[in-house]
Amino acid sequence: VRGAVSSDSGQITQAASFDGTGSDFVEVPDDHSLGITGPYTQTAWVYINTSAGFKDITLKDPGQWAFGFQITGQKLRAGWEDEADNNYIGRGGSVPVETWTHVAVVYSGDAVRGYIDGAEVFDVTRASDGSGIAVADATPSTNDEPLRIGKGERAFDGRIDDLRLYNRALSDPDVTE
């Protein structure tokens, strides 16, 4: 734990509370289990304090993303940068302010799907920047950086509870449970 991450009431258990300044975050040292290059899923309960700006839930960076899970404004966003600097980003939906919301991102190897409160909000098989990079051509890569929770390139302003990372793509029914 870096800085003044505090514990506050959460949706499931006690949540980590972040003030949005970037001085408080949780850092998980690099481990081979975080070297995700195939299908994976990230889920969390989030409570955002503002609709403004980028809010990194998780980011395995700096420099070259291995993977990231964010909220931009109020849109759920997932992305990574592969070893050839191919960016992939999927985003959509609307995460409400000051409301506990379940968010999930699932990478299956050929698509990235995003969910807000169990409803699919994006299903992307090609790069959203119009470059036409197929998901299969821009797979997540590994790096030896730590996994940061509540801060990557941008700080999270709110609370994160019950963050989960899976080394497989959860099915639609698994995400909605």
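Quick caveat, the model's predicted, so the values are computed rather than measured. Residue numbers count from 1 along this sequence.
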Trainee: Which atom names give the shortest non-hydrogen contact between Ala44 and Ile160, and what distance separates them?
Mentor: CB-CG2, 4.3 Å
Trainee: How many angstroms lie between CG in Asp157 and CG in Asp19, if you round to the nearest 0.5 Å?
Mentor: 7.0 Å
Trainee: If hydrophobic clusters are built from ILVMFWY residues whose side chains come within less than 4.5 Å, do Val46 and Val175 share one?
Mentor: no
Trainee: First locate atom OG1 of Thr43, then atom OH of Tyr115, and finally report the distance between them rounded to the nearest 0.5 Å.
Mentor: 12.0 Å
Trainee: Short question: side chain of Asp161, backbone of Ile12 - any donor-acceptor pair under 3.5 Å?
Mentor: yes
Trainee: Consider only side-chain heavy atoms of I, L, V, M, F, W and Y, link residues closer than 4.5 Å, and tell whether Leu163 and Val26 are in one cluster.
Mentor: yes
Trainee: Of the non-hydrogen atoms in Phe156 and Tyr47, which two are nearest, and what is the gap between them?
Mentor: CE2-O, 4.0 Å
Trainee: Measure the spacing between CG of Leu59 and CZ of Arg154 and express it to the nearest 0.5 Å.
Mentor: 7.5 Å
Trainee: Please say yes or no: joined through hydrophobic side-chain contacts below 4.5 Å, possibly via intermediate residues, are Leu170 and Trp45 part of one cluster?
Mentor: no
Trainee: Between Phe122 and Val112, does a side chain to side chain contact (heavy atoms under 4.5 Å, CB included) hold up when you go through it step by step?
Mentor: CA-CA 8 Å; Phe122 62 82; Val112 173; 3.7 Å; yes
Trainee: When you group the ILVMFWY residues by side-chain heavy-atom contacts below 4.5 Å and let the links chain together, are Leu165 and Leu76 in the same group?
Mentor: yes
Trainee: Enter the distance from Asp162:CG to Gln11:CD here, rounded to the nearest 0.5 Å.
Mentor: 9.5 Å
Trainee: Which heavy atom in Arg113 sits nearest to a heavy atom in Ser108, and how many Å separate them?
Mentor: NH1-CB, 4.2 Å
Trainee: For residues 97-106, tabulate all N or O donor-acceptor pairs below 3.5 Å that involve a side-chain atom, not counting sequence neighbours.
Mentor:
{"from": "Thr99", "atom 1": "OG1", "to": "Val97", "atom 2": "O", "distance (Å)": "3.3"}
{"from": "Thr101", "atom 1": "OG1", "to": "Thr99", "atom 2": "O", "distance (Å)": "3.1"}

Trainee: Which pair of non-hydrogen atoms, one from Thr58 and one from Ile149, has the smallest distance, and what is that distance?
Mentor: CG2-CG1, 4.3 Å
Trainee: Minimum heavy-atom separation for Glu27 to Pro146, with atom names?
Mentor: CG-CB, 3.5 Å
Trainee: Distance check, rounded to the nearest 0.5 Å: Ser51 atom OG versus Ile71 atom CD1?
Mentor: 11.5 Å
Trainee: Closest approach of Ala111 and Asp123, non-hydrogen atoms and distance?
Mentor: CB-OD1, 3.6 Å
Trainee: Answer yes or no: is there a donor N or O on one side and an acceptor on the other, between the side chain of Lys55 and the main chain of Gly73, under 3.5 Å?
Mentor: yes
Trainee: Check the hydrophobic clustering (I, L, V, M, F, W, Y; side-chain heavy atoms under 4.5 Å; chains of links allowed) and say if Phe69 and Leu147 are grouped together.
Mentor: yes
Trainee: Roughly how far apart are Asn49 CG and Arg159 CZ, rounded to 0.5 Å?
Mentor: 7.0 Å
Trainee: Test Asp56 against Gln70 for side chain to side chain contact (heavy atoms under 4.5 Å, CB included), laying out the working first.
Mentor: CA-CA 4 Å; Asp56 284 328; Gln70 301 100 3; 2.6 Å; yes
Trainee: List the steps and the verdict of side chain to side chain contact (heavy atoms under 4.5 Å, CB included) for Phe54 and Arg77.
Mentor: CA-CA 10 Å; Phe54 285 79; Arg77 179 177 185 236; 3.3 Å; yes
